[in-house]
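Okay, handing you the structure first.
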Amino acid sequence: MIKKLLRNHNLKGWLYLLPAILFLGVFMVYPLVDVFVYSFEEGYNSASQTYFGTGTYNFSYVLHDPYFLQAVKNTLLLVMITVPLSTGLALLISLGLTSIVRLRGALQTIFFLPYVTNTLAVGLVFMILFKKTAYSDGLINLLISFFGGNTVDFIEGPYWAKMFVLCFYTVWVVLPFKILILTSAMASVNPVYYSAARVDGTSRFRIFARITLPMISPMIFYLVITGFIGAFKAYSDVVALFGTNLNAAEMNTIVGYVYDMLYGDSGGYPSYASAAAILLFAIVLTITCVNLLMTRRKTL
Amino acid sequence: MEDYQKIERTAEARRRAIRAVTYTLLGLWAVIVLFPFYWMLLTSVKSYGSYNAEYVPKFFTLSPTLQNYADAFTAVPLGRYLLNTLVFTAVTTAVMLVVITLAAFAFARLDFRGKNAVFVIFLSLMMIPNELVIITNFVTITDWNMRNTFPGLILPSVTSVFYIYLLKENFEQIPDNLYLAAKVDGTSDLRYLLRVMLPIAKPTLVTITILKVIECWNSYVWPRLITDDEDYYLVSNGIQEIRENGFGRENVPAMMAAVVVISVPLIVLFLAFRKKIMEGVSRGGTKG
């Protein structure tokens, strides 16, 4: 009887799944196949929907495009700087947060605020703070000159200055998530270990290195991996700071390159966009796998 | 005895010093986080004239004005952007909830041939980055003549494999006996889903809703690709448009007023549902 009640669902099951399957099929599975098709169609014209032939020309075009190489350089720099920096900072801040009692809740709330803000909107505030204009040097530059440094236009000035703002803003944006994950990981460490350590008179640093760090290391690796993936896909925070014409600003990212190829003044080349997107995916996949392998070796 | 007290005292002094350093550093970061918010609020109530007259910007203002907010709503269609975003967010979230609830119910409760295979395929789709499929979606929506329409904006983001997974896990914790009892009473599956499962899974549904609302409110890339008519801009595109063409480039206070208007709804939502949001994000959110 019970068996019968539960078994008779073949059609019904598929019916309940139908909307999800339809949407995923049209907007995920089909595009996934199609992006590879696009990337091998040479000379595709989106107006007439024709192409000359198939081959790897799109990839070689993208790989030789100076804009793409600039985008790769920018993205790699951003990843190399912000991932270790933000993870380390988040670790320090979480450690501080868990060691205090008073004001902890309030500080946690404040630290989480950037997560719920519109990246584009707050990016504009950062731009105003760092920008040098005809009538004002901007707050940050005034601070720099107050301490006796040379002012610099962080938004339209030298490359390192622009990179600095971008990294700063990226860290500002990604920290809330990391702090949240690390504080909850630290809170879930069994307090018995700490009590035992205290009885033995273990120093603070040793407690951190021998108890806290090993206990939360899975979460740190998780944050490093998601951090890598996220930083490789940086785009909207870059737009927020430097505007939509990123190639001119020399601040384009790989994802920005994909969208520029697809749409806008330089757009209309879905084949190049597809090739670039696949290259990005390959890079991210490789790095994730390397990370996972390293994690495995460390834990074994 | 005296030695012991001395040791106690130095230990206490050390603890105090460490605590002072901790609070100082945490306070410093709190200032860095809060300062941009303070600055946008402050700038948004400075008058255009006084803002531009300050070579060294002041950290307070004695004559706050709301003129910039009036400008933000009249000189550029900020109200329109807000309305569009509201419609987009509400419809996308509502449709997504229906789609994922049905799918999660099928996976958790119904038994049918091919279920496990489909579930594995669904899970593997979680690894596909948005950047890879957005190119074809752009072409698809363009071919369907859906650029600058709400369906074009909404359709590609009404499913989320991750949320289906999250909800399925939650549904599976509901004991089978309830389902069998309902079946014996002759309750239909749909009725059981609506009357029993949804109320029990409400906390998870609320979490998913909040995360999706945040995502919708901040979405920028897809709306930018699919709309070039100002009537369909969402707030993110609107703020970009304001930055590049609105108010004349130099009216920073009016720009900041627009930024405040865009930021406030999410911040209010966050303060109201602080616990839920932080819990939800630590379970399933990613950003950055």
Side-chain angles (χ1 to χ4, degrees), chain A residues 2 5-7 9-10 12-14 16-17 19-20 23-24 27-28 31-32 34-35 93 96 99-100 107 109-122 124-126 128-129 135-136 139 142 173-174 177 180-181 184 226 230 233 236 243 255 258 262-263 270 273-274 277 280-281, chain B residues 22 25-26 29-30 33-34 36 39-40 52 55-57 99 102-103 105-106 110-113 115 118 125 128-129 131-133 135-139 156 158-159 164 180 183 214 217-218 220-221 225 235-236 239-240 243-244 252 255 259 262-263 266-267 270 274 278 281-282 285-288:
Chain A
I2 287 175
L5 276 174
L6 289 176
R7 278 292 156 193
H9 283 143
N10 265 332
K12 201 180 236 170
W14 288 99
Y16 275 75
L17 274 184
F23 280 117
L24 286 176
F27 294 113
M28 234 171 158
L32 190 61
D34 201 45
V35 72
I93 292 175
S99 75
I100 62 170
L107 284 171
T109 308
I110 292 173
F111 291 161
F112 195 71
L113 265 181
Y115 190 90
V116 286
T117 53
N118 187 305
T119 321
L120 270 299
V122 179
L124 208 56
V125 184
F126 273 77
I128 301 292
L129 285 171
Y135 46 87
S136 172
L139 194 68
L142 286 166
V173 168
V174 299
F177 179 64
L180 179 71
I181 297 290
S184 47
T226 53
K233 294 183 184 174
S236 49
V255 171
V258 171
L262 190 61
Y263 178 72
S274 302
L280 169 69
F281 184 54
Chain B
T22 311
L25 292 179
L26 290 178
W29 185 253
V33 168
L34 286 178
W39 201 250
M40 73 185 173
N52 284 330
Y55 179 78
V56 178
V99 173
L102 290 177
F105 180 68
L110 303 176
D111 210 13
F112 54 94
R113 213 172 298 139
K115 180 167 102 168
V118 182
L125 285 180
I128 308 303
E131 286 70 21
L132 214 50
V133 296
I135 300 163
T136 308
N137 287 344
F138 171 70
V139 177
V158 295
T159 27
I164 292 176
L180 296 175
K183 279 276 111 175
I214 296 177
W217 195 267
N218 289 332
Y220 169 69
V221 168
L225 287 177
V235 284
S236 295
I239 201 73
Q240 202 55 32
R243 175 206 175 134
E244 276 164 18
V252 174
M255 250 187 233
V259 168
I262 288 171
S263 307
L266 273 193
I267 293 179
F270 168 59
R274 198 170 56 93
M278 290 173 81
V281 170
S282 65
T286 49
K287 185 180 178 183

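These values consider heavy atoms only, across backbone and side chains, with no hydrogens, waters or symmetry-generated copies. Numbers restart at 1 for each chain; the letters A, B, ... are given by sequence-line order, proteins then strands.
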Closest approach of A:G13 to B:A106 (non-hydrogen atoms, all atoms of both residues) |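 Where A:G13 meets B:A106 most closely, the heavy atoms are O-CB, 3.8 Å.
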
Can you say whether A:L142 sits under 4.5 Å from chain B via the side chain, the backbone, both, or neither, judging by heavy atoms?
->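 For A:L142, side-chain heavy atoms alone lie under 4.5 Å from chain B.
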
Value rounded to 0.5 Å, distance of OG in B:S282 from CG in A:L180 |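 That separation rounds to 5.0 Å.
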
Heavy-atom proximity to chain A below 4.5 Å, by part of B:R274 =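 Interface part for B:R274: side chain.
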
Quick one: what part of B:S263 sits under 4.5 Å from any heavy atom of chain A, side chain, backbone, both or neither?
->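 Side chain of B:S263 only, per the 4.5 Å heavy-atom cut-off to chain A.
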
With a 4.5 angstrom heavy-atom cut-off, could you sort out which part of A:I93 is near chain B: side chain, backbone, both or neither?
->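 For A:I93, backbone and side chain are both near chain B.
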
Between A:Y115 and B:F270, does the ring centre distance come in under 6.0 Å?
->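 A:Y115 vs B:F270: aromatic centres not under 6.0 Å.
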
Do you know which of A:L280, A:V255, A:L139, A:V258 has the most heavy-atom pairs with chain B at a distance under 4.5 angstrom?
->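 Max contact count across the listed options: A:L139.
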
Report the distance from atom NZ of B:K115 to atom CG of A:L17, rounding to the nearest 0.5 Å.
->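 These two atoms lie 9.5 Å from each other.
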
Can you tell me how far CD of B:E131 sits from OG of A:S274, rounded to the nearest 0.5 angstrom?
->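 If we round to the nearest 0.5 Å, A:S274:OG and B:E131:CD are 13.0 Å apart.
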
Evaluate side chain to side chain contact (heavy atoms under 4.5 Å, CB included) for A:T119 paired with B:Y220, printing each intermediate quantity in order.
-> CA-CA 9 Å; A:T119 321; B:Y220 169 69; over 6 Å; no

Between A:A277, A:A121, A:S236, A:A273, which shows the greatest number of heavy-atom pairs under 4.5 Å with chain B?
->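 Result: the option with the highest number of such pairs is A:A121.
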
Where does A:L32 contact chain B at under 4.5 Å (heavy atoms): side chain, backbone, both or neither?
->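 Answer is both: backbone and side chain atoms of A:L32 are under 4.5 Å from chain B.
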
Identify which part of A:S99 has an atom lying under 4.5 Å from any heavy atom of chain B, answering side chain, backbone, both or neither.
->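 For A:S99, the side chain is the part near chain B, not the backbone.
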
Pick whichever of B:L225, B:I267, B:T22 has the most heavy-atom pairs under 4.5 Å with chain A.
->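 Top option by heavy-atom pairs under 4.5 Å: B:L225.
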
Taking the side chain from B:N137 and the backbone from A:F27, do they hold a donor-acceptor pair closer than 3.5 Å?
->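 Yes; judged by distance alone, with no hydrogens or angles, the pair exists.
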
Under 4.5 Å heavy-atom distance to chain B, tell me which part of A:L262 shows up: side chain, backbone, both or neither.
->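 A:L262 touches chain B through backbone and side-chain heavy atoms alike.
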
Do A:P31 and B:L132 come close enough that some side-chain heavy atom pair is under 4.5 Å?
->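 They are not in side-chain contact.
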
Checking heavy atoms, do the side chain of A:L124, its backbone, both or neither come under 4.5 Å from chain B?
->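 It is both, since atoms from each part get that close.
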
CG of B:L34 to CZ of A:F111: how many Å apart, nearest 0.5 Å?
->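 With rounding to 0.5 Å, CG (B:L34) is 9.0 Å from CZ (A:F111).
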
Please tell me if the side chains of A:K12 and B:F112 come closer than 4.5 Å, counting only heavy atoms from C-beta onward.
->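 Not in contact.
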
Spacing of B:N218 atom CG and A:N118 atom CG [to the nearest 0.5 Å] =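 Between atom CG of B:N218 and atom CG of A:N118 there are 4.5 Å.
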
Where is the tightest heavy-atom contact between B:A30 and A:L107, given as atom of each residue plus distance?
->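 Heavy atoms only, the tightest pair is CB-CD2, 4.0 Å.
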
Counting only heavy atoms closer than 4.5 Å, note whether A:V35 contacts chain B via side chain, backbone, both or neither.
->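 Backbone plus side chain of A:V35, per the 4.5 Å heavy-atom cut-off to chain B.
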
To the nearest 0.5 Å, what is the distance between CZ (A:F177) and CE (B:M278)?
->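 So the gap between those two atoms works out to 12.0 Å.
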
May I ask you to name which of A:I128, A:V122, A:L24 has the most heavy-atom pairs under 4.5 Å with chain B?
->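 Of the candidates given, the most pairs with chain B belong to A:L24.
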
Pairs of heavy atoms under 4.5 Å with chain A: top-ranked of B:V221, B:I262, B:L266, B:I128 |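 Going by pairs under 4.5 Å, I would pick B:V221.
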
What residue in B:V158, B:I164, B:L25, B:I214 has the most heavy-atom pairs under 4.5 Å with chain A?
->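 With the most close heavy-atom pairs to chain A, the winner is B:V158.
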
Looking only at heavy atoms, what is the nearest atom pair of A:P19 and B:L102, with distance?
->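 So the minimum-distance heavy-atom pair works out to CG-CD1, 4.2 Å.
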
